[in-house]
Each structure stands twice: as structure tokens, then as C-alpha cells.
Student: 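Handing you a structure now.
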Amino acid sequence: MSEKSIYTYNNGRAWITEKDKELLKLIWLHKSVTVSQVRFFLLKAYGMKKSAVYKKLQKWNELKITKTQVYSGRKKVQLRCVQMNKNGIDILVNEGVIHNSTYPLVELPNPKTADHFFLTREIVIRTYLEFYKKGGRFTSIPPLETPYYDTKVKKAYKEQGKNLLKTPTLVEPDWILYSDSSILNIESDTGHERANTIIDKVKRYVEYNAQNLEHKDHHILIAPIDSADDDILCYVEDRPKERKKRVSQIKEYVIRASAHIIPNLHFHVVTSSRAGKVAYNILTGKTKEHSYVLNESIGALETNKHLNVSMVKRLPEEFYTGNVLNSYFAEGHFDMKREGEKVKTFLIKVMDEGCVKSLDQLAYLNWLLEKDRYKSHVDGILAIYQTEEERLHDNLGDLWELNHVYFSSLERLQRNSIDGSTFYQQTSKFKRKKVLLYEG
């Protein structure tokens with residue numbers, strides 16, 4: 001049975017559980033969230049029904065723990081927004097969740113930026129839910145609390161005796177998430193920003209990273225809004241249903257800015273409904289598990305009775321000329337053999353959903369094959385994701401030629417069936433067809 005704290009007020013009592021503290025902290029951190037977002041969080045995290053959510057919020061409003069305001073946005077659409085009230089702040093301080101008892105002045109977002117404001121909060125809420133389900137820890141921080149200053153300008157301000165608090169920021173993420181291994185900067189995209197604006201911001205991240213090379217890996221997650229989940233639909237404008245083209249365009253903008261080639265700077269582009277899952281993978285280090293995925297994939301291929309093959313490892317220097325950078329090498333190079341006879345030679349590239357680096361490296365490996373630039377014969381490139389869900393949702397777009405690539409996932413390969421020996425090949429634009437890796 002979970003522990004409860006009882007708080008008594010003139011007009012009633014509140015029983016505050018650990019779950020309640022989590023919700024109050026979420027509202028406090030984000031300053032203002034919609035009732036729909038609160039309902040989404042409580043449904044996905046605790047299975048709470050809609051009627052129970054409304055009853056809880058009504059009780060908390062009566063006790064001045066929270067307050068609900070009606071926000072009028074564009075097109076005369078009204079949203080009910082939940083904010084902290086005085087007693088809610090006092091509860092969080094008393095429970096040791098926060099240490100500042102100052103009641104914050106909370107304003108509703110500007111109607112012109114409401115889509116962006118609430119989309120950012122949705123992405124963070126989705127990330128919270130992934131950690132709640134799967135475990136792990138991360139820190140969530142509003143960007144104004146840790147501004148990314150231009151160190152060159154800050155140095156000049158100091159030398160000139162200017163007020164350092166007025167130093168302009170070099171780049172301002174929409175939100176910042178930390179873990180022991182990574183810094184994840186959230187960039188919400190409502191589809192209104194032009195190419196030059198996005199490219200300029202990407203370049204600012206590149207400059208900030210160059211000024212702070214002592215920091216751990218910087219990840220930037222850009223998430224175009226989509227309409228995959230109506231439970232959390234809360235914007236003043238209708239969500240676009242299809243965002244494949246937008247995702248593909250933003251990946252191109254990152255590459256155009258040459259931001260994807262920097263070793264400790266990583267750009268990821270996925271739709272908002274996928275952002276929480278990808279954020280979880282980044283913050284928990286799952287995007288670094290390439291050796292594990294490679295080794296397990298080889299084992300799965302060798303044990304699949306429908307393939308009946310062995311995978312013999314070869315050295316990278318057998319394939320690349322001197323002008324190919326090591327960072328563009330595939331993770332694995334193998335001869336596929338059957339009954340001791342080589343049948344095909346494959347390179348293996350481990351893929352991360354939404355990762356611009358992964359896509360660019362894959363496209364380059366494909367280009368080398370297309371132009372016959374390998375020193376030894378290669379039959380194709382195997383692109384392996386960790387899960388089938390990641391493979392299905394990764395949007396590669398139609399800007400890159402990937403005609404020599406065969407897609408699968410470790411999860412699929414481990415099925416040890418005819419299905420597990422089936423790969424997918426891109427045919428045109430966003431479509432792929434099933435193909436057998438080897439027919440003998």
C-alpha cells in the first residue's frame with residue numbers, strides 16, 4: 001500500500017500519494033500544461049480514467065493546490081490549462097520535491113506560439129512516460145535555467161565591464177534533458193519555420209559545441225508535430241497527419257549545414273509521437289549499443305534454419321580505399337557462406353531511428369557500392385535496427401539513394417523463421433518491398 005500524506009485546509013483535506021507528487025512536480029516544472037496532457041499522462045502512467053482525472057483536478061482546484069484557466073488561442077479555440085497554486089507549491093516543498101517556496105508568476109503562452117509551447121511539453125511528458133515504464137533516471141530542465149551563452153561574447157562583456165547577466169544566448173533549446181552520459185536538447189517543430197531559420201539554429205548548435213568540447217555528447221532531437229495520438233491533441237491548429245516529407249527535409253537541412261559530421265554532436269529527427277521513445281534511447285545509452293546489435297544479429301543469421309548459412313568476418317581494410325574516413329566504415333564486413341562456399345558478401349550498418357549520422361553513413365556506403373568504389377566485391381549493405389518498431393518508424397525519405405540496402409531489425413532476425421530471414425528494400429520514395437536475403 002502506497003504511503004499518503006494528509007494536508008488539511010479550511011475547505012477540505014487532500015491525500016497526497018507518490019503518484020500525486022509526480023503529477024504536481026510535472027505541472028510545476030512545465031508551468032502550464034493542458035488538461036488533455038494531464039489526462040494523457042495519468043492514463044498512460046497509471047491507467048486512470050477520464051472521470052477520475054477531472055474529479056482529482058476539481059478537488060485540487062477547490063483546495064488551491066492547482067488552478068485551471070481557460071486559454072483562448074487562435075481561431076477562437078479554447079483550451080483548459082492546469083497550473084500550480086500556492087498550496088501545491090507548499091506541498092512540494094514540504095515533501096522535499098522542490099526547495100524554492102516562492103510562488104512563480106505563471107503566464108499563459110502567446111497565441112502565436114501556443115502550438116510550439118504545448119508541443120514541447122508533450123515531448124517531455126512522453127519521455128517521462130518511457131522512463132516510468134522502462135526505468136532509469138534523467139533530469140528535466142527548462143532552458144532559461146541553463147542558458148547556452150556565446151563564450152566569446154561573454155568574455156568580451158567581462159573585459160568591457162558589462163553586466164554578464166545580459167549576455168545574449170548563442171542558442172536556446174526548447175527544453176533540456178540530462179542523463180549521466182548525454183545532454184539532449186529538444187527542438188519542437190510546428191512546421192512554420194523556414195529552411196534558413198532551421199539551418200541557422202543548427203549552425204548555432206555547432207558553434208556552441210565547438211566552444212564547449214569538454215562537455216559530454218550533445219544530442220539535438222528535432223520533432224515535427226504529428227497527429228498519431230488523439231488523446232493528447234491540444235493545439236489551437238489542427239495537426240498535420242503526415243510528416244514524412246517534413247522529417248526528410250529537416251534531415252537534409254542538418255546535412256546541408258555539415259552538422260552531422262561532428263563526432264560528439266548528434267542530430268535526430270522524428271515525429272512528436274515517436275520523440276519520447278527516441279529520447280529514452282538516447283538518454284539511456286541504447287544508441288551506443290552497436291556492438292551488441294551487430295554480434296546478436298550475426299548469431300541470429302547463423303542460427304536461422306531457413307538461411308542455413310555461416311557468417312565469416314572480414315577486415316575493413318579489404319574494402320575501403322585510403323580516402324574513406326573511418327567514421328564512415330560499416331560496423332561489420334562478412335562473407336555469407338553455405339556448406340563452406342561463399343554465396344554473398346555483405347556490409348552491416350547498425351541503425352538508430354531518426355539519427356542523421358546513421359542515415360548519412362548508410363547513404364555513403366550505398367554510394368560506394370553504386371560507383372564501384374570498394375576494393376573487394378560487395379553484394380549489398382544490411383541496415384539493422386535494434387527493434388522492429390524502430391525500423392518501421394524510421395523515415396529515410398526520398399532524398400538518398402539506398403537501392404543496395406536491405407533493412408531488418410535484431411528483433412526480426414531473432415524470430416528464427418522464414419519471417420526472420422526476410423529483409424526489406426526501398427523501392428521508391430517512402431515505400432519498401434519484402435525481399436529474401438538469400439535463396440538457395
Side-chain angles (χ1 to χ4, degrees), residues 7 9-16 19-46 48-95 97-98 100-126 128-129 140-145 174-175 186 188 190 225 229-239 272:
Y7 290 84
Y9 304 101
N10 292 334
N11 55 341
R13 288 182 174 182
W15 284 261
I16 303 298
K19 295 177 182 178
D20 291 329
K21 286 189 279 186
E22 282 293 320
L23 177 58
L24 287 173
K25 181 181 178 182
L26 191 81
I27 298 170
W28 169 80
L29 184 65
H30 297 90
K31 306 299 187 268
S32 184
V33 294
T34 68
V35 171
S36 295
Q37 288 176 329
V38 172
R39 192 177 73 234
F40 179 83
F41 175 77
L42 292 176
L43 171 66
K44 299 298 183 182
Y46 311 122
M48 188 177 290
K49 295 181 179 179
K50 185 187 296 186
S51 58
V53 175
Y54 290 146
K55 185 177 180 180
K56 178 183 289 289
L57 290 177
Q58 182 180 3
K59 180 70 173 178
W60 281 3
N61 287 344
E62 292 171 358
L63 299 177
K64 295 186 178 180
I65 295 172
T66 58
K67 58 183 178 180
T68 302
Q69 298 194 64
V70 176
Y71 165 72
S72 297
R74 290 179 290 185
K75 299 184 179 181
K76 298 181 180 179
V77 174
Q78 291 189 330
L79 297 172
R80 294 173 65 222
C81 298
V82 183
Q83 300 173 344
M84 293 296 289
N85 212 333
K86 183 180 183 303
N87 289 338
I89 296 289
D90 291 342
I91 288 172
L92 289 181
V93 172
N94 190 62
E95 296 292 331
V97 177
I98 64 174
N100 185 2
S101 60
T102 303
Y103 180 66
L105 176 64
V106 178
E107 297 181 358
L108 289 168
N110 185 313
K112 293 182 179 180
T113 59
D115 289 1
H116 194 271
F117 180 90
F118 289 121
L119 176 59
T120 300
R121 280 141 184 80
E122 173 186 328
I123 293 167
V124 180
I125 288 171
R126 287 184 182 277
Y128 265 106
L129 288 169
S140 177
I141 300 177
L144 293 179
E145 293 186 12
D174 295 325
W175 210 266
I186 301 295
S188 305
T190 57
I225 187 173
D229 201 325
D230 292 335
D231 286 332
I232 203 168
L233 187 65
C234 56
Y235 303 100
V236 293
E237 288 190 326
D238 293 335
R239 295 190 188 202
S272 57

Student: Should the ring pair Y46 and F41 be called parallel, tilted or perpendicular, given that the plane angle runs from 0 to 90° and is split at 30 and 60?
Tutor: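 Rings of Y46 and F41: perpendicular, as their planes differ by over 60°.
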Student: Can you name the closest pair of heavy atoms from D174 and S188 and give their distance?
Tutor: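 Nearest heavy atoms, D174 then S188: OD2-N, 2.7 Å.
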Student: Give a yes or no on whether the backbone of T34 and the side-chain of R80 come within a donor-acceptor separation of less than 3.5 Å.
Tutor: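 The answer is no, because no donor-acceptor pair under 3.5 Å joins these two groups.
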Student: Where is the tightest heavy-atom contact between M84 and W28, given as atom of each residue plus distance?
Tutor: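 What the structure gives for the nearest pair is CG-CA, 3.5 Å.
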Student: I need the single residue from T120, L26, V38 that forms a side chain to side chain contact (heavy atoms under 4.5 Å, CB included) with I125. Which is it?
Tutor: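 Looking at T120, L26, V38, the match for I125 under the side chain to side chain contact (heavy atoms under 4.5 Å, CB included) is L26.
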Student: State, yes or no, whether a side-chain contact exists between F40 and V33 at a heavy-atom distance under 4.5 Å.
Tutor: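 In short, these two side chains do not touch, never coming nearer than 4.5 Å.
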Student: To the nearest 0.5 Å, how far apart are CG in L29 and CD1 in I141?
Tutor: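 Interatomic distance, L29 CG to I141 CD1, rounded to 0.5 Å: 9.0 Å.
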Student: Check F118 against Q37 and note the closest heavy-atom contact, atom names and distance.
Tutor: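 In terms of heavy atoms, the two residues are closest at O-NE2, 3.0 Å.
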Student: With sequence neighbours excluded, what pairs up with K21 under the salt bridge (charged side-chain N to carboxylate O under 4.0 Å, His left out) test?
Tutor: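 If we apply the salt bridge (charged side-chain N to carboxylate O under 4.0 Å, His left out) test to K21, skipping adjacent residues, the hits are E18, E95.
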Student: To the closest 0.5 Å, what do you measure between CG (N87) and CD1 (I16)?
Tutor: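 These two atoms lie 10.0 Å from each other.
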Student: Atom CH2 in W175, atom NE2 in H30: separation rounded to 0.5 Å?
Tutor: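 Answer for the CH2-NE2 pair, W175 versus H30, is 4.5 Å.
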Student: Measure the CD1-CD1 distance between I186 and I123 for me, rounded to the nearest 0.5 Å.
Tutor: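 Taking CD1 in I186 and CD1 in I123, the distance rounds to 6.0 Å.
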Student: Given side chains that start at C-beta, do those of I91 and I65 come closer than 4.5 Å, heavy atoms only?
Tutor: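 Yes - at least one pair of side-chain heavy atoms lies under 4.5 Å apart.
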Student: Run the side-chain contact (heavy atoms from CB on, under 4.5 Å) test against N94 and tell me which residues pass, sequence neighbours left out.
Tutor: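 Scan of N94 (side-chain contact (heavy atoms from CB on, under 4.5 Å), adjacent residues dropped) gives Y7.
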Student: Given the rule in the side-chain contact (heavy atoms from CB on, under 4.5 Å) test, do C81 and V35 qualify, once you have shown the distances and angles that lead to the verdict?
Tutor: CA-CA 6 Å; C81 298; V35 171; over 6 Å; no
Student: Minimum heavy-atom separation for S32 to Q83, with atom names?
Tutor: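 Scanning both residues, the minimum pair turns out to be OG-NE2, 3.5 Å.
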Student: Of all the heavy-atom pairs spanning E122 and S272, show the shortest one and how long it is.
Tutor: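 For E122 versus S272, the nearest heavy atoms are OE2-OG, 4.0 Å.
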Student: Return the set of residues passing side-chain contact (heavy atoms from CB on, under 4.5 Å) with N11 (not counting sequence neighbours), or none when no residue passes.
Tutor: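 side-chain contact (heavy atoms from CB on, under 4.5 Å) list for N11, sorted by chain: Y9, E62, L63.
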Student: I'd like to know if the side chain of H116 and the backbone of T190 have a donor-acceptor N/O pair within less than 3.5 Å.
Tutor: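 Not at all, since once roles are kept as given, no pair shorter than 3.5 Å links the two residues.
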Student: Identify the heavy atoms of L23 and W60 that sit nearest to each other, and give their distance.
Tutor: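 That would be CD2-CZ3, 3.7 Å.
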Student: Would you please say whether a donor-acceptor pair under 3.5 Å links the side chains of T68 and N61?
Tutor: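 There is such a pair between these side chains.
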Student: Hey, can you pull the donor-acceptor pairs under 3.5 Å for the side chains in residues 48-58, sequence neighbours left out?
Tutor:
{"unit_1": "Y54", "atom_1": "OH", "unit_2": "R39", "atom_2": "NH1", "d": "3.0"}
{"unit_1": "K56", "atom_1": "NZ", "unit_2": "D20", "atom_2": "OD1", "d": "2.7"}

